[in-house]
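The model shown is predicted, which means the values in this text are computed figures rather than measured ones. First listed ligand is number 1; within each ligand, the first listed atom is number 1. Starting from 1, each residue takes its place in the sequence as its number.
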Amino acid sequence: MTLKLSVIGCGYLGATHAACMSSLGFEVVGIDTDPEKVALLSSGVLPFYEPGLDTLLADEMKTGRLSFTTDFAAVADADVHFICVGTPQSKDGLAADLTYVKSSVAAIAPYLKDGSLVVGKSTVPVGTAEALRAQLAESAPQSDLAWNPEFLREGFAVEDTLTPNRLVVGVANDRAEDILKEVYQPVIALGTPWIRADLPTAELVKVAANSFLATKISFINAMAEVCEAAGGDVTVLAKAIGYDPRIGSRFLQAGIGFGGGCLPKDIRAFMARAQELGADQALEFLREIDNINLRARQRVIDVVRADLSEDLTQYKIAVLGATFKPDSDDVRDSPALDIAAQLQAAGAQVVVHDPKGIEPARKRFPNLDYAEKVVDAVKGADAILHLTEWKEYRELDPSVIGQLVKQKFLIDGRNALDRNLWRNAGWRVHALGRTD
Ligand code: UGA
């Protein structure tokens, strides 16, 4: 008999997982405590922007296999329960806030049927899975718990779920592994590497991967700082070192650094957990990774000040991009919005444009000005800051934009625009990490 699945928490991770598992043929119920989100998902509408997921969700709703509810009792029918709730940074420190993980496991415990498997997908501090497993052994001894970290990238969520570059399962016994193999059979059949680990290793794989990615980005941004000081070009440097397959060219895009709901909070939570474990020295370098990352934002503000004036009160600045990366409407810990807010706090008149992120940005920064169209954002601007590399910004015509602004001054915070094109149209261009 085909397994029935439940997905607890229907944000980016959970909504994607639910729709993708349904597309593999499983009956799936998604549970979320937010009735608005559940109502939208139930009508086949995605509450956030993620390319390809909107149509997948709508298609899967039509099959009748996929449903959403706020009622935890709905898990009673399912055999495998994926925990996909958020683990944000705590309000009072670096550690991850585990409230939602703990409360969702407690909420489903009374309904778990014999032999069911709870599978954590949320990113958690190492040791959480073993503690939850012990908790379940008390409250629902008929069930078991495994950990199956998720590596999906926003913007590629469906692809990363259905054709991931590996599947990692942390299990305490063969039975849990067998159940997960049954769930992922179609994905395994594509040749996807399958890695069985113990519970702590599975939890660590996730934070280690995100720490490595963060380190790569901060490494290249540190090189960008040195390039600016020494008269070099970080984009050429990145290309040159990237040809060495041991280094690889991906995630070496210098600019204003990493943001989002994962990398920044994950490296901080990892440091906090290492400290609890007495291994803080091992992760001391992550503090520097965080510092380099935040410095990249400050460098943009320094360039604006150096070029325009220390006193920014008379200047209008157009910020292109609000989301933490393109093809997402996620503005959590967005470097672009952080820079925009800091410039506004320094007295500049700041207008922000983004193809998808204006509404979420407005919720977080209601005092910033927003423009629906690029042409409105740049009108009369003394500087344009390109801070999120949306495709539509690469398609802008610098001559047309040049007629709207007060000063033709561009800072490319993502090294993604064609500098020569802008320069040939009479613009002063500053690209981070490039001196010529
Ligand atoms: C990240 C990881 O890449 C996923 O593997 C992981 O599953 C996910 O976190 C998670 O923990 O859930 P995501 O947050 O979607 O995914 O974003 P990334 O594509 O990793 O980008 C993170 C940030 O780094 C963005 O702000 C991006 O602009 C920046 N970045 C990325 C750079 O500044 N330079 C680069 O070369 C690459």
Side-chain angles (χ1 to χ4, degrees), residues 9 11-17 48-51 53 84-89 96 120-124 148-161 164-168 203-224 234-235 237-239 241-242 247-270 289-290 292-297 299-300 321-339 354 357 386-390 412-416 432-433:
Y12 267 103
L13 171 56
T16 307
H17 196 65
F48 51 87
Y49 176 69
E50 174 62 41
L53 185 57
C84 295
V85 294
T87 52
Q89 187 172 337
K121 289 191 83 65
S122 309
T123 303
V124 291
N148 167 219
E150 180 58 59
F151 304 101
L152 70 79
R153 297 159 297 165
E154 291 182 17
F156 300 89
V158 174
E159 184 185 325
D160 286 350
T161 304
N165 43 33
R166 77 286 209 192
L167 283 163
V168 178
E203 292 165 309
L204 282 170
V205 168
K206 172 61 193 260
V207 280
N210 275 1
S211 297
F212 194 87
L213 295 171
T215 301
K216 254 190 131 175
I217 299 167
S218 277
F219 173 84
I220 202 64
N221 284 335
M223 293 305 111
V234 74
T235 62
L237 182 146
K239 191 172 170 190
I241 63 172
I247 296 173
S249 58
R250 298 180 69 183
F251 266 62
L252 285 183
Q253 186 74 26
I256 57 171
F258 57 82
C262 302
L263 262 44
K265 67 114 177 143
D266 285 355
I267 61 168
R268 292 173 195 152
F270 200 14
I289 298 306
D290 204 3
I292 295 167
N293 191 50
L294 296 177
R295 222 157 49 223
R297 304 176 186 187
R299 275 164 48 226
V300 172
T323 54
F324 84 107
K325 68 174 190 182
D327 295 322
S328 163
D329 62 359
D330 195 342
V331 298
R332 285 177 293 170
D333 203 345
S334 162
L337 273 183
D338 187 10
I339 291 169
D354 192 277
H386 174 247
L387 301 185
T388 311
E389 67 278 34
W390 286 95
D412 187 0
R414 291 293 185 181
N415 280 308
L432 290 190

Sidechain N-carboxylate O distance under 4.0 Å for Glu50, Arg153: no

Any donor-acceptor N or O pair under 3.5 Å, side chains Arg414, Gln253: no

Backbone or side chain, does any N or O of [X] fall under 3.5 Å from an N or O of ligand 1?
X: Ile217; answer: no
X: Pro335; answer: no
X: Phe151; answer: yes

Give the residue, atom name and distance (to 0.1 Å) of the protein heavy atom nearest [atom].
atom: atom 36 (O) of ligand 1; answer: Gln253 N, 2.8 Å
atom: atom 2 (C) of ligand 1; answer: Asn210 OD1, 3.6 Å
atom: atom 1 (C) of ligand 1; answer: Leu263 CD1, 3.7 Å
atom: atom 20 (O) of ligand 1; answer: Phe251 CZ, 3.3 Å
atom: atom 19 (O) of ligand 1; answer: Lys325 NZ, 2.9 Å
atom: atom 12 (O) of ligand 1; answer: Cys262 SG, 3.0 Å
atom: atom 26 (O) of ligand 1; answer: Phe324 O, 2.7 Å

Contact check, side chains of Asp290 and Ile267, non-hydrogen atoms, under 4.5 Å: yes

Any Phe324 side-chain heavy atom under 4.5 Å of Thr388 side chain: no

